[in-house]
Amino acid sequence: QDTFTMEVYKIMKRIKRNSISLFGAIALVCLGVQFELLTSTSVVLELFSSSVDTAPIDVPQLLNVQRRQGPRVLLGIFATEREEENAYWQAQRRLLQAHPDRICPLSSAILPSSCELVYTFVVGANAAGPTTQKSDFLVNQTTSKTGNMDVTRLNIVENTIFDKSQTWFWYAHNHLVQAYGIHYVAKCNLDTFLRIDKWFDFTQQHLPVQTPRRILAGMFADAIPTKKQQGVINLKEYLKPKYGEHPLYWYALGQFYLFSTPLLREVVAEIPNYPGTGTGRIQEDIAMSFIAMKTPGVVELLVVAEMDRFWSQALPETAVGNTKYHDAALPVGVTSSSFIAPVTSPLIKESPSNSSRRVPPNRPRILMGIFSTMSSRTDARYRSLFRELFQANHPYRDRICPLSNVHDSCELIYTFVLGANPNTTTTEIRTGPDAESFLFQGSVAAFAEDAAEGDFTFLNIRENMDEGKTPTWWAFVSHILQKYELDYAAKCDSDTILLLDGLFGFAETYLPPKTHRRILLGKFSDSMLYQNLLPSGQVDRQRKYLEGKFGSHTLHWFAQGQFYLLSAQLIQDIQVEIANFPGFVVNFEDQVLSMMALKSAGLIELLVLAESEHFWLHKFKLSRQRHKFKAAWEEKLRQITGTPREGEVFAPTPFAITTANSTTVEMSNSI
């Protein structure tokens, strides 16, 4: 749009210099040049009346272009042309047309540069057509039963559960995204009404304008397979190559969801591979989420909770004609920009002027707590292997340091986390005035043979598993975020093999420093798949704990304890939940931590990695697979240091890590 505006200015300059008549300019209007982009008629007249020798006018003074501050989103409102839906069409138009400063229909060749939300009603308009189209997308657009041009009439039979969504997203990607400068493409139901102020607040805070991020945003639910859901069960084989034996049966509810254009590009490429056709097919919005999850690369889920929704649903037809649906809109005459508050945070801010941190601006600083014990000689061997990895001669050595000796260029800070007080029955500390209140002050030399290494965090609790060690660690971390200028913190098991090249590559690609984003990263599972391992009534108690935020669509998702990572903003936010957690008994406290993260106030982002994208390996127990575990460590050390075998030309593996040689493949198959 800005390039077009500049060209208009150049044409006007040529008109002035060559004394072309005003009729020539009018001819340009007939060719589609939009003169409303100019500040006023007086400026245009001044342009023609000025002498040739007049100094040129600067473009910012000549043009009154309201530049878009947020992303441009294309919204397809799924409708039918049945007369009984006319009231909903009218209500949608009255809502969206009340804000022409930032909302416009998809009905003109050129959109105003200020338009951030582009909407169109999407209908299946070929009664004799198929349920999906992949090339000949549209029927005649010149006529519509609704009498308006803001309608996209797909060349398919009208349907609500088969392939209308696939056709819409396919058409939008192939014909609209590039032509109209679209950053995100969304779908909503006809009875979904945007809350305009919350919508623009959401887009400004969570949807960057230009991004390579592969984002799927919406309200999510579980689609755990049952015997009656054969289509979902069949999809296990579809998702298995990416996620292994436990695929994620999560989907965005059809009332509203959106894709970023980088993810949409991959979704469109994956649609032909989707097997969900025939009698075993599932509802199409579930299918779209599964297709997105199957695409290669890291998928970012923006999980909108019930209390954070920027839309209302199921407006009754009788509400049209009164002000009910305007509750979701802004008052007439008030611009939506006045409702948008700047993104601020008491935690995420620029480094102070006296900061010693010298980490490059594109790299985050991460604290990693490696959970260990003092009573096990096996754990002592695990710690020895970690130290060997961190101190080996590889390109990342100077970027790693222990928490006890943080230097200014350190990017990965590690510490071994132990419950160190043998004389207490306390297994957790949820709150404290400062970091020191969480630490054991006595001697540990008699319990940890390598205590002199100085790379430990000794918690003032009794060593335990699943009785409070994890929330104690995260409560402690919340008190040192600012002291060490941390951007992220992680927890991993001592039998986790860390792939440093993958970790640093992933961090630089997906983990921005100093962000207000509430990020949770890990290997996710659904606790519904582990119901037999949970105490009686546990699933129901979990549902009640979360339903205040998520309503009836409670999420049973958690990051497995082998490795997961939280952004500093999310760590700060979950402290309220740690302090007030009801404390019902569970078998997996890492699951509880994920529940706290989901429950904490605000929108949460889940970074979902495929098996091949993990920068860690797990499930090697020295007591049972000592030779395999040590061989795995030696292989990773060889790779990270770039040490070739005899006759081998070797280059360290970049992110994403893949298992390419026979030793690693054998190891991977054992996980």
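Proximity of M374 to P422: side-chain heavy atoms (C-beta onward) are nowhere separated by under 4.5 Å. Between K599 and F581, the closest side-chain pair of non-hydrogen atoms is not below 4.5 Å. Within the 4.5 Å cutoff, the side chain of F506 has heavy atoms near those of the L521 side chain. Using a 4.5 Å heavy-atom threshold, the side chains of L412 and F504 count as touching. A heavy-atom distance below 4.5 Å is found between the side chains of Y184 and T211. At a threshold of 4.5 Å between non-hydrogen side-chain atoms, the residues V477 and L367 count as touching. Under the 4.5 Å side-chain criterion, counting only non-hydrogen atoms from C-beta, L459 is in contact with V417.
Among residues two or more places apart in sequence or in another chain, the ring-ring contact (aromatic ring centres under 6.0 Å, His included) test is passed with F220 by W557. S594 pairs by the side-chain contact (heavy atoms from CB on, under 4.5 Å) definition with L520, F558, A559, not counting sequence neighbours. Residues forming a side-chain contact (heavy atoms from CB on, under 4.5 Å) with A507 (at least two apart in sequence, or on another chain): P364, I366, L511. The side-chain contact (heavy atoms from CB on, under 4.5 Å) check on Q210 picks up H183, with sequence neighbours excluded. Residues forming a side-chain hydrogen bond (donor to acceptor under 3.5 Å, both in side chains) with S384 (at least two apart in sequence, or on another chain): none. When the salt bridge (charged side-chain N to carboxylate O under 4.0 Å, His left out) test is applied to R213, the partners found at least two apart in sequence or on another chain are E300, E605. Taking T424 as the reference, T426 meet the side-chain hydrogen bond (donor to acceptor under 3.5 Å, both in side chains) condition, with sequence neighbours excluded. Taking D590 as the reference, K491, Y564 meet the side-chain hydrogen bond (donor to acceptor under 3.5 Å, both in side chains) condition, with sequence neighbours excluded. Applying the side-chain hydrogen bond (donor to acceptor under 3.5 Å, both in side chains) test to T295 and every residue at least two apart in sequence or in another chain returns R214. Judged as a salt bridge (charged side-chain N to carboxylate O under 4.0 Å, His left out), and not counting sequence neighbours, the contacts of E508 are R363, R399. Remark: D434 engages E436, S437 in a side-chain contact (heavy atoms from CB on, under 4.5 Å) (not counting sequence neighbours).
The aromatic rings of F563 and F615 sit perpendicular, their planes meeting at an angle over 60°, well past the 30° parallel limit. Classified by interplanar angle (parallel below 30°, tilted 30° to 60°, perpendicular above 60°), the ring pair F371/W473 is perpendicular.
Side chains of E463 and T373: no donor on one and acceptor on the other come within 3.5 Å.
Formation of a donor-acceptor pair under 3.5 Å by the S404 side chain with backbone atoms of G454 is found in this model. At distances below 3.5 Å, not a single donor-acceptor pair connects side-chain atoms of S289 with backbone N or O atoms of Y251. Proximity of a side-chain donor or acceptor of T427 to a complementary backbone N or O of E467 within less than 3.5 Å is detected. Using a distance-only test at 3.5 Å, with no hydrogens or angles considered, no donor-acceptor pair links the side chain of H394 to the main chain of D501. Panel note: side chain S478, backbone I571; no donor-acceptor pair is recorded below 3.5 Å. Using a distance-only test at 3.5 Å, with no hydrogens or angles considered, no donor-acceptor pair links the side chain of R383 to the main chain of D450.
The nearest pair of heavy atoms linking E589 to G468 is OE1-N, 2.8 Å. Closest heavy-atom contact between P471 and I578: O-CD1, 3.9 Å.
In this structure, E613 does not pair ionically with K242, as no charged nitrogen and carboxylate oxygen lie closer than 4.0 Å.
Residue pairs meeting the disulfide bond (SG atoms under 2.5 Å apart) criterion with at least one partner in residues 471-512, sequence neighbours excluded, are absent.
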CA sep, side-chain torsions, deciding dist, call: Y414, F386, ring pair (Phe, Tyr, Trp, His ring centres under 6.0 Å) = CA-CA 10 Å; Y414 74 91; F386 267 105; 8.1 Å; no
